[in-house]
Amino acid sequence: MKIATWNINGVKARIDNLRAWLTESAPDIACLQEIKSIDEGFPRLEIEALGYHVETHGQKGFNGVAILSKTKPDEVIRGLPGDDNDEQSRYIEAVFSVPSGAIRVASIYLPNGNPADDPVKYPYKLAWMERLRLHAANLLLLEEPLILAGDYNVIPEPHDCFDPAVWATDALFLPQTRAAFRRLEALGLTDAVRATTDATKLYTFWDYQAGAWQKNNGIRIDHLLLSPEAIDRLKSTSIEKSTRAWEKPSDHVPVSGEFDFA
DNA sequence: ATGGTAGAAGATCTA
């Protein structure tokens, strides 16, 4: 069973690429971020025509997440718990039945946080990460396969970016950001890509600007974090880099894991 | 120091 995450940077602008990727890569569950659409504006029929169920948590203009799946989820939760005043659509979670029981999958669009000296944006990112930690701690008590997939806007280690010096003061790489990410891992969550390879210079995002793709000036910020019950079932991971060279690409590429939940 | 690009907007904001 293939479970993937992809920040598509606008579902309307990316509909052709999304359809091509769903057809070629054929994930069983696809977690999308930055759909940049309200729920009613999501091209639901075009995705359903490819055999997918569609669950969205949209927002006008910015953000927005979705979970596409070949089987219908048993339960869907919209929004990250912990702050009733947070109006940004950055979290959706779904439970699926598999032969071995139930699995829980979340699509996460963690706040960017830049500029890091902004009085609102970086504190919002850190507060959001703490809310995610508290929610993840509760989910881990369920002792079921849990896949927290998404655009974390976190560069975990220096070798996860082309030039660490360039990112030293960026909200994606500041010590407090990386510490908050390590606190998630310390709960018992495992970075799936890191668990399956020792390779360095693995990137999932290349900026549109300054020829970043051509120069391989990338960063690894899209992650699958797995509970112990999920990592036990993980067979392989893949960073689907070829999509970055497509016409009209997203600046992110899909990251996927192959699982055996039989 | 600035701008470089892209998306959803339909003016700027976000990244």
Original post:
Roughly how many Å is it from CG in A:N114 to P in B:dT14, rounded to a whole number?
Top reply: 12 Å

Subject >> ILVMFWY cluster membership beyond A:I38 - transitive side-chain contacts under 4.5 angstrom >> reply: none

Subject >> Pairs flagged by salt bridge (Lys or Arg N to Asp or Glu O under 4.0 Å) wherever residues 133-153 of chain A is involved - sequence neighbours left out >> reply: A:R104-A:E144, A:E130-A:R133

Original post:
Heavy-atom contacts under 4.0 Å between residues 153-178 of chain A and DNA chain B, which residues?
Top reply: none

Original post:
Do NZ/NE/NH1/NH2 and the carboxylate oxygens of A:D191 and A:R220 come within less than 4.0 Å?
Top reply: yes

**OP:** Send over the distance from A:D118 CG to B:dA15 C1', rounded to a whole Å.
**Re:** 13 Å

Subject >> Same-atom distance (C1') from B:dA15 to B:dG3, integer angstrom >> reply: 15 Å

Subject >> Carboxylate-amine/guanidinium proximity below 4.0 Å for A:R78 and A:E93 >> reply: no

Original post:
When the distance from CD of A:E34 to P of B:dT14 is rounded to whole Å, what number comes out?
Top reply: 12 Å

Original post:
Between B:dC13 atom P and A:N112 atom CG, what is the distance in whole Å?
Top reply: 16 Å

**OP:** Pick the P atom in B:dT5 and in B:dA9, then give their distance to the nearest Å.
**Re:** 22 Å

Original post:
Are any of A:R90's side-chain N or O atoms less than 4.0 Å away from OP1 or OP2 of B:dA15?
Top reply: yes

**OP:** For residues A:S89 and A:F62, determine if any side-chain heavy atom of one lies less than 4.5 Å from a side-chain heavy atom of the other.
**Re:** no

Subject >> Within residues 230-250 of chain A or reaching into it, pairs that qualify as salt bridge (Lys or Arg N to Asp or Glu O under 4.0 Å) - sequence neighbours excluded >> reply: A:K2-A:E240

**OP:** May I ask you to list the residues sharing a hydrophobic cluster with A:W6, side-chain cutoff 4.5 Å, ordered by chain and number?
**Re:** A:I8, A:V11, A:I15, A:L18, A:W21, A:L22, A:L32, A:I35, A:F42, A:I47, A:L50, A:Y52, A:V54, A:L68, A:W246

Scan nucleotides 4-9 of chain B against the protein and return all N/O pairs shorter than 3.5 Å with their distances rounded to 0.1 Å.
{"unit_1": "B:dG4", "atom_1": "N9", "unit_2": "A:Q209", "atom_2": "OE1", "d": "3.2"}
{"unit_1": "B:dG4", "atom_1": "N7", "unit_2": "A:Q209", "atom_2": "OE1", "d": "3.3"}
{"unit_1": "B:dG4", "atom_1": "N3", "unit_2": "A:Q209", "atom_2": "OE1", "d": "3.3"}
{"unit_1": "B:dG7", "atom_1": "OP1", "unit_2": "A:R14", "atom_2": "NH1", "d": "3.1"}
{"unit_1": "B:dG7", "atom_1": "OP1", "unit_2": "A:R14", "atom_2": "NH2", "d": "3.4"}
{"unit_1": "B:dG7", "atom_1": "OP1", "unit_2": "A:K248", "atom_2": "NZ", "d": "3.2"}
{"unit_1": "B:dA8", "atom_1": "OP1", "unit_2": "A:A13", "atom_2": "N", "d": "3.4"}

Subject >> Salt bridge flag under 4.0 Å for residues A:D160 and A:R194 >> reply: yes

Subject >> Sugar-phosphate, base or nothing in reach of A:Y109, heavy atoms under 4.0 Å >> reply: sugar-phosphate

Original post:
How far does the C1' atom of B:dA6 sit from the matching atom of B:dG10, given to the nearest Å?
Top reply: 16 Å

Original post:
Side chains of A:R44 and A:T56: closer than 4.5 Å at any heavy-atom pair?
Top reply: yes

Original post:
Between A:Q88 (CD) and B:dC13 (C1'), how many Å, whole number?
Top reply: 12 Å

Original post:
Taking the same atom, C1', in B:dA11 and in B:dG7, what whole-Å distance lies between them?
Top reply: 15 Å

